[in-house]
Amino acid sequence: MKVALESTVITHGLPYPDNVRTALALEGIVREQGGQPFTIAVLGGRVRVGLSVEDIEALARAEGVLKAGVRELPAAIARGQTASTTVSATARLAYLHGIPVFATGGIGGVHPGSWDVSQDLYELARTPEIVVCAGPKAILDLPATAEMLESLAVTSVAFQTDEMPAFYSRGSGIPAARADSPQEIAAIYRAQRELGLPGALLVFNPIPAEFELDAGDVERWTALSNADLKAAAVSGKAVTPYLLGRMAAHSQGATVYSNQALLENNVRLACRIAAELERG
Ligand code: PSU
Ligand code: MN
């Protein structure tokens with residue numbers, strides 16, 4: 001059983017040394033479940049599907065690593081650069097390498113009050129990968145992100161719940177289609193393929209209740225972080241890493257702790273889905 005993992009969460013999503021610890025813990029979970037983890041990145045212009053411990057440590061310590069969405073991949077490869085891969089780039093590379101299940105923390109989406117829409121959403125519409133996440137990141141406009149997923153016809157299911165989770169919280173109040181078991185998820189994926197649909201199966205896996213953050217707190221930190229963003233000269237690809245850093249600062253690290261917990265939870269579900277797919 002194979003499970004793909006992304007690398008932008010290592011370079012831009014979590015601070016050092018939490019990032020190394022988390023990346024290695026996620027790989028450990030896949031191995032414990034009897035599977036093989038494949039963390040994906042571009043090292044010196046070469047697509048690497050599966051990293052060594054040394055590769056992960058080097059990526060985690062490095063500063064100024066390029067964050068590659070799918071559109072940045074071609075130039076990174078052509079120029080021999082090192083880049084971490086976001087959800088969009090990882091989904092594409094995992095699929096190309098025959099690994100149909102990929103676990104991440106949160107997907108990108110629509111930022112509030114701007115035209116900043118993540119490449120993740122468009123890539124999910126055209127790559128047949130199963131992507132397990134805990135919802136769109138809380139810093140996003142969740143209703144707009146949910147609408148975009150519908151407009152792009154991205155098949156999405158929420159695991160054992162009837163609403164889209166909101167990353168640090170189990171619920172968002174936004175209704176979602178439900179799936180109750182890895183078997184059901186695998187069956188939906190097979191039906192997508194039989195229909196010849198091009199896109200992903202996005203699986204929303206709510207954060208375990210014991211790691212959930214208070215919704216009011218998250219709202220407050222999000223407002224503060226978005227206000228910081230307005231005041232700072234940050235735009236484009238730097239926006240999401242900047243906001244995650246501000247959330248960690250405003251919450252005194254609480255968001256980092258929850259982020260790790262939800263990543264681990266997503267990897268566990270991804271393993272169950274991958275095992276089910278292999279069973280056929
Ligand atoms: N979720 C996390 N931490 C992260 C990200 C997601 O918990 O660092 C990364 C993912 O790689 C995602 C990317 O694809 O942020 C989205 O960036 P943007 O909004 O610029 O598309
Ligand atoms: Mn963006």
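All values below were derived from every heavy atom in this structure, side-chain atoms included, with hydrogens, water molecules and symmetry-related copies excluded. Order of appearance sets the numbers: ligands from 1, and atoms from 1 within every ligand.
Here the heavy atom of the protein found nearest to atom 21 (O) of ligand 1 is S118 OG, 2.7 Å. Considering only non-hydrogen protein atoms, atom 12 (C) of ligand 1 sits nearest to D120 OD2, 3.4 Å. Nearest protein heavy-atom contact of atom 15 (O) of ligand 1 is K137 NZ, 2.9 Å. In terms of protein heavy-atom proximity, atom 4 (C) of ligand 1 is nearest to L244 CD1, 3.7 Å.
Heavy-atom contacts of K67 reach the following atoms of ligand 1: 17 (O), 18 (P), 20 (O) (cutoff under 4.0 Å). Per-residue contacts place E6 under 4.0 angstrom from the following atoms of ligand 1 (heavy atoms of the residue considered): 10 (C), 11 (O). Which parts of ligand 1 touch G106 is read off a 4.0 Å heavy-atom cut-off, strictly below it: atoms 1 (N), 2 (C), 6 (C), 7 (O). Distances below 4.0 Å separate heavy atoms of V9 from the following atoms of ligand 1: 3 (N), 8 (O). Of all the atoms in ligand 1, the ones that sit under 4.0 Å from a non-hydrogen atom of G13 are 8 (O). Using a 4.0 Å cut-off to heavy atoms of N259, the atoms of ligand 1 that qualify are 7 (O). Near F167, the atoms of ligand 1 lying under 4.0 angstrom from a non-hydrogen atom of the residue are 7 (O).
For D116, the N, O or S atom with the smallest separation from the Mn ion (ligand 2) is OD1.
Side-chain contact, E212 with S169: no donor N or O sits under 3.5 Å from an acceptor N or O. If you check the side chains of N19 and T22, you find no donor sitting under 3.5 Å from an acceptor. Judged purely by distance below 3.5 Å, without hydrogens or angles, the side chains of S7 and S84 never pair a donor atom with an acceptor atom. No side-chain N or O of T86 forms a donor-acceptor pair with one of Q119 less than 3.5 Å apart. A donor-acceptor pair shorter than 3.5 Å can be found between the side chains of H250 and D228.
L51 pairs with exactly one of I40, L59, L5 by the side-chain contact (heavy atoms from CB on, under 4.5 Å) rule, that one being L59. Partner of L149 under the side-chain contact (heavy atoms from CB on, under 4.5 Å) criterion, out of V110, V154, T155: V154 alone.
With a heavy-atom cut-off of 4.0 Å, T86 touches ligand 1 through backbone and side chain alike. Using a 4.0 Å cut-off between heavy atoms, T240 contacts ligand 1 through its side chain alone, with no backbone atom that close.
Within the structure, the closest approach of T104 to ligand 1 does not fall below 4.0 Å when heavy atoms are considered.
In R71, the CZ atom is not crowded: 12 or fewer heavy atoms of neighbouring residues, nucleotides or ligands sit closer than 6.0 Å.
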